[in-house]
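Note sheet for the following structure.
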Amino acid sequence: MPQPFDLPPQYDPGAVEVGLYRTWMERGAFTPVAAPGREPYVIVIPPPNVTGVLHMGHGLNNTIQDVLIRFERARGRETLWLPGTDHAGIATQNVVERLIAKEGKTRFDLGREAFVERVWQFVRTTGSTILEQLKQIGASCDWSRTRFTLDPAYTRAVREVFVRLWEEGLIYRGHRVIHWCPRCLTALSDEEAEFHETTGALYYIRYPLTDGSGHVTVATTRPETLLGDTAIVVHPEDPRGAPFIGKRVRLPITGIEIPVLADESVEKEFGTGFVKVTPAHDASDFEIGLRHDLAMPLVMRENGTMGDDGGDRKGDATPRVPPELVGLDRFEARKKIVKLLDAQGLLAKTESHQHAVRRCYRCDSIVEPRLSDQWFVKMKPLAEPVLAAYHRGELRIVPERWQATFLNWMENIRDWNISRQLWWGHRIPVFTCTRCRHQWADRADPAACPKCGGPVEQDPDVLDTWFSSWLWPFATFGWPDDTPDLRRYYPGHTLVTAPEILFFWVARMLMAGYHFMGKKPFTTVYLTGTVRDTKHRRMSKSLGNGIDPLAVVRLFGADALRWTLIAGGSLGADVILDSDDLATTFAPGRNFANKLWNIARFIQAQLPAEVPRLSALDPKALTLADRWILSRAQSAIAEGTAALEQFRLDEAAKRCFEFVWGELADWYVETVKPRLAADDRVVAQAVLAHCWKTVLGLLHPVVPFITEELWQKLPGRRAGELLILAPWPTPDPRWASPEADAQFGAVRQAITAIRNIRAEYRVPPKARLAAAIRPAGHAARATLEAEHETILRLAQLETLTTDGEALEGAHAVLTDGSEVVVALAGAIDLSQECRRLSDELQRLDKQLDALDAKLANESFVARAPADVVAHERDKQQAWRTQRDVLAAKLSALGCS
RNA sequence: GGGUGGUUAGCUCAGCUGGUUAGAGCGCCGGUCUCACAUACCGGAGGUCACAGGUUCGAGUCCUGUACCGCCCACCA
C-alpha cells in the first residue's frame, strides 16, 4: 500500500547542503583511512591564492577533483585530497598595498617588518575564505591536512631546496636584462611577463652622422629608450649598411656619439635595416651589447620614470637623460621625445604597428626590460630527468594534445629568475659578509661570517611564489623529514589544473619531484578547459563577465552548479556559460536534481520499511520490464565506470542521466506502477530499490548532496550509514540481457507509435481507444502479450488485441514489421492517412534503395568485414519486411 | 614566424579506434496540471556535419589545401 509522501514536491538544496556537509565532516568522511590491501589515491589541490575568492575556474577545476576523489573513495581507495593555499607573493602584496593606500600610506612608510606583519594580519583574518567557499560546492578535502606555503614547516622545505640547489651549483647570480614591473617594483620571470597583442606606433628616427654626410634612420616602438642607445647595428650583408659601418652618429636630443656596427642578429626585412641598440633596456640589445662590448647605461628608474640610474657605463659617467626629461614617466617622456624629434626634423615618419607587448601578470602594467642582478636557477639539469621519464612513458597528460606544448617548453627551457624585489614571501637565504664579502646560502640564520667572523647581511629579496609551490606534492607532507604521510601519500595520482599554469607550476613540480624525491609527483596531469562567456572571452573581474559560483549555489544549489560544469563540457574543452541568463544556464542541473528528488518521493512511498532484496528473489518471477531495467542498470554501471576511469566525466554523467531519467523514470517506473499496488509487489519493489541505489551510487560523485540526502531517506537505512562511504555499484553480468533490451524496445516502439497517432489525430488525452496489433511473428506476439497491460495503460487504450482483429483507423508499421491499428473510425480522413503512410513508405524506400545499392556493390561485399555485411543484410531484410507491410496496407486502404 | 585546438540542429555541445535511419540539453511548435515531478509529461519540427579536393567498398570520423575563430610559444626593433 503506498505511503503518504512526506517530502515536498520541490527540492530545496539550501535546506540540506550545509547540514550534509557538516555530517560528512563530523564522520571524518574526507580523511583517508588505511586498511589492509587498500591503495592510496591522492590529489593535491592547486593551492588557490590565499587572498582569492572562488571563481568559475576554481569551480570547474575543484568539481572535477571532487568527482575523481569521490569515485575512487567509493571504489575502496584510501583517498586523500589535500587542500591549502598559496601565499601568492605579488598578488597578496598588491592587495595589502592597495589597502594601506586607502590610509594614504605606502609600504615604505610602514617599513618592511611592519608591512609584512600587516600582510600576516590580513591573511590570518581572510585567508580561509576561499577554503570555506570550496566547502560550499562540496569539495571533500581532508581539512585536517590543510597547508599554507608560508607555514613554518613548508618554509623549512623551501629553504632546504634553495640551499641544496645552491650546493649543487644550480643557483647563480645573473647580470642581464630581465622583465621589470615598474608598478610592483620587482623582477618577473619570463612566464610572469605575458604577451598581449597591441596596436602601437613604429617611429622612424634619423640619427645624424657625425661627419655631416647625412643620417641613418632606425625604426623603434620605444623612442624614449634612445637616451640609452650605445650603438646602431646593421646586418653585415645588408648593402644598405656597408657605407655606414664604422662611421659614427649623433644621438638626437643629447648629441652623444655612438658607432654604427655590423651584427648578424639584425633582420634585414624589418624597418629600415638599421637598429638602435639599448643594451640596458632590451634583452636582445643586451646580447648585442655583450658581443660588441658596449656600455649599458640605465636611463630609466625602477618606477618607470626617466633618469640616469647607473648601469654598466664603461667609465663614462656622462649623464644621458637631459634635465627637462628627468622624472618624467616613460610614456610622457615618449610623447615629449617624439615631439622634440619632430621639431628638429629627425622624425622621418610614424606608422601604426601591431606587436606583442609584455605585461605584468598581476597588475597588467607594461613590463620594462631592465638590466639587473637577479638569482637564477639552472633549469636544464632539472628538466632532463623529466624528459627522460616522459620518454620512458612515465607521465600522462590528458588531453594528449598538451604533450607537444609541454615538451616544447621543457626542451627549450630557460633559466628561472627566482628573486623578487618584494617583502611578502620566503626571504632568500643568501648571506654576505660585509667584511670579507664571502657569500653563501644557509639553512639557519647565521650570526656571523663562518670565514672571518664578520657581520653578515641577508639578501633583501624574496623568492618567486612558484619557488615554493613547485614543492607542493611533497612539502605538504613534511619533507624534508621522513614522515608517515610522505611515505604513504607521495607520489600522488591525478593532478587537475588549468593549462595556463602548465609551465608555471606543473612542469616545475615534475622537475622538483624527480630532483628531490627521485620520482614523479603524480601519474596523470588532467588539464581542464577554460570557463568563458558566450562571446568566448575568458571570465574575468576586469571584464565584469564572471559568474559567482556561490551565487549559483544560493540560487540553484551546489549540485546544479556541479552538474552544469561536469555534464556541460567534455575532457579539457572550454566551458561556455551565459552570465546574463543564469536560470537557463543552470536549468539542466537544477531540473535534474528536482527530477531525482521526485523519483525518490515516489520510490520512497512504495517501499516497505524492510526493503526486499533482489538476491532473495526467484529470477523466474521477473517480468520483461524487470529484466530490461536490470539490464540497463548493468550497462549504466559498466559504461559510467569506464567513462570515469578514462576521465570522461561528462560521458559518465550523461550515461547515468539517461539511465535514471530516460529509462528508469520514463519507462520502468511508469510500467511498474500497477504492480506496486498488487499483492505480489515485492518483485517490483526489489527491482526498483536495486536500481535506485545504483543510481544514487553512480551519481554521487557529480551531485553529492542530493544523492546523499535521498540515500539517507531510503527506507531501511540504518542510522549513520553514509552514501559517501558506500561502495561503488558493481556490474553484475548476470543481468546483462540483449534479449530483454530488444524485446522491451519493441514494446516501447508500439506504445510510441500509438501515442504518435493520438497526437497526429488530435485524440483527446482522456479518450480511451481500441487498438489492434498484428505481430510480425511468434516472438513478437509473445513479447507484446507479456506487456499487454503496459501497452494498454501507457498508450491509454481501452482494448488491445493481438489476434489479427481488423480495425478501421490509423496505421503504423513497426521496424520488425508488426502492424498497429488504432481504431478511429469516424475521425479518420482517408487522404490524410494515405499521406502519412506514403510519406513513411517513401522515406523507407529511399533508405532501402541506398542499402540495396550498397549490398549490390561487389567491392563492398568483398572488402567489408563479414560482420558488417551480415549486419547490413539483416537490416535489409527487416526494412524490406517493413516496407512490404506498409505497401500492402496502403493498397488495402485504396490509397493511390 | 612556429606549434596547437575548433568550425555538427536557433544556442551550448557529444559523436572514442571510419561501418545502425548523426545524438543530448536548452530553446521552438502542438497537446496535457494524468494520483513522483508543469524545475513535469506526451508528440513533433529542425542538420547537404565550414568550404574544396583526395584516400576508401564506405568519411562527421583519415589525408591535403582554403576560409574564419581561439589558445600556446617566439629577442622583427
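Reminder, nothing fancy here: chain letters follow the sequence lines and each chain counts from 1. Keep in mind that this is a model prediction, so the values were computed, not measured.
Residue whose closest nucleotide on RNA chain B sits further toward the 5' end, between A/Val669 and A/Thr584: A/Thr584. For A/Trp667 and A/Pro765, each mapped to the nucleotide of RNA chain B holding its nearest heavy atom, the one lying further toward the 5' end belongs to A/Pro765.
Comparing the same atom, P, in B/C28 and in B/C16 gives a spacing of 31 Å after rounding to whole Å. A gap of 10 Å separates the C1' atoms of B/A74 and B/G3, to the nearest Å. Taking atom P on both B/C26 and B/G43, the two are 15 Å apart, rounded to the nearest angstrom. When the P atom is compared between B/G53 and B/U17, the two are found 26 Å apart, to the nearest whole Å. For the C1' atoms, the distance linking B/A9 with B/U48 amounts to 14 Å, nearest Å. Straight-line distance between the C1' atoms of B/A50 and B/C69: roughly 11 Å, to the nearest whole Å. Rounded to the nearest Å, the gap between the C1' atom of B/C49 and that of B/U7 is 10 Å. For the C1' atoms, the distance linking B/G15 with B/G6 amounts to 15 Å, nearest Å.
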Could you list the protein-to-nucleotides 9-17 of chain B atom pairs, N/O on both sides, closer than 3.5 Å?
unit_1 : atom_1 : unit_2   : atom_2 : d
B/A14  : OP1    : A/Ser570 : OG     : 2.8
B/A14  : O5'    : A/Ser570 : OG     : 3.4
B/G15  : OP1    : A/Arg648 : NH2    : 2.6

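Considering only the side chain of A/Lys595, B/C41 comes nearest among B/G19, B/A74, B/C41. Across B/C75, B/C42, B/A36, the shortest atom-to-atom separation from the side chain of A/Asp666 is found for B/C42. Nearest nucleotide to the side chain of A/Glu197, out of B/C73, B/A77, B/A74: B/A74. Among the nucleotides B/C41, B/C76, B/G70, the one closest to any side-chain atom of A/Arg532 is B/G70.
The shortest distance between the side-chain N/O atoms of A/Asn591 and the OP1/OP2 oxygens of B/G25 is not below 4.0 Å. Residue A/Trp661 places no side-chain N or O under 4.0 Å from the OP1 or OP2 atom of B/U39. Side-chain N/O atoms of A/His353 include none lying less than 4.0 angstrom from OP1 or OP2 on B/C76. Taking only side-chain nitrogens and oxygens, A/Arg401 never comes nearer than 4.0 Å to OP1 or OP2 of B/C71. Regarding contacts with the backbone of B/A24, every side-chain N or O of A/Arg655 stays at 4.0 angstrom or more from both OP1 and OP2. At the phosphate of B/U34, neither OP1 nor OP2 sits under 4.0 Å from any side-chain N or O atom of A/Lys766. At B/C73, none of the side-chain N or O atoms of A/Asn412 fall inside 4.0 Å of OP1 or OP2 (strictly under the cut-off). Between A/Arg755 and the phosphate of B/G43, there is a side-chain N or O to OP1/OP2 separation shorter than 4.0 Å.
Among the atoms of the strands shown, none is found under 4.0 Å from any heavy atom of A/Arg538. Backbone-only contact: A/Thr752 has heavy atoms under 4.0 Å from sugar-phosphate atoms and none from a base. Among the protein residues, A/Arg793 comes within range of no part of the nucleic acid, since none of its heavy atoms lies under 4.0 Å from any strand. Using a 4.0 Å heavy-atom criterion, one finds that A/Trp409 contacts no nucleic acid atom at all. When heavy atoms are screened at a 4.0 angstrom cut-off, A/Ala864 is found touching base atoms of the nucleic acid.
For the pair A/Ile397 CD1 and B/G5 C1', the computed distance is 16 Å after rounding to whole Å. Note: CZ (A/Arg590) to P (B/G25) measures 16 Å, nearest angstrom.
Interatomic distance, A/Arg538 CZ to A/Thr530 OG1, rounded to the nearest 0.5 Å: 5.0 Å.
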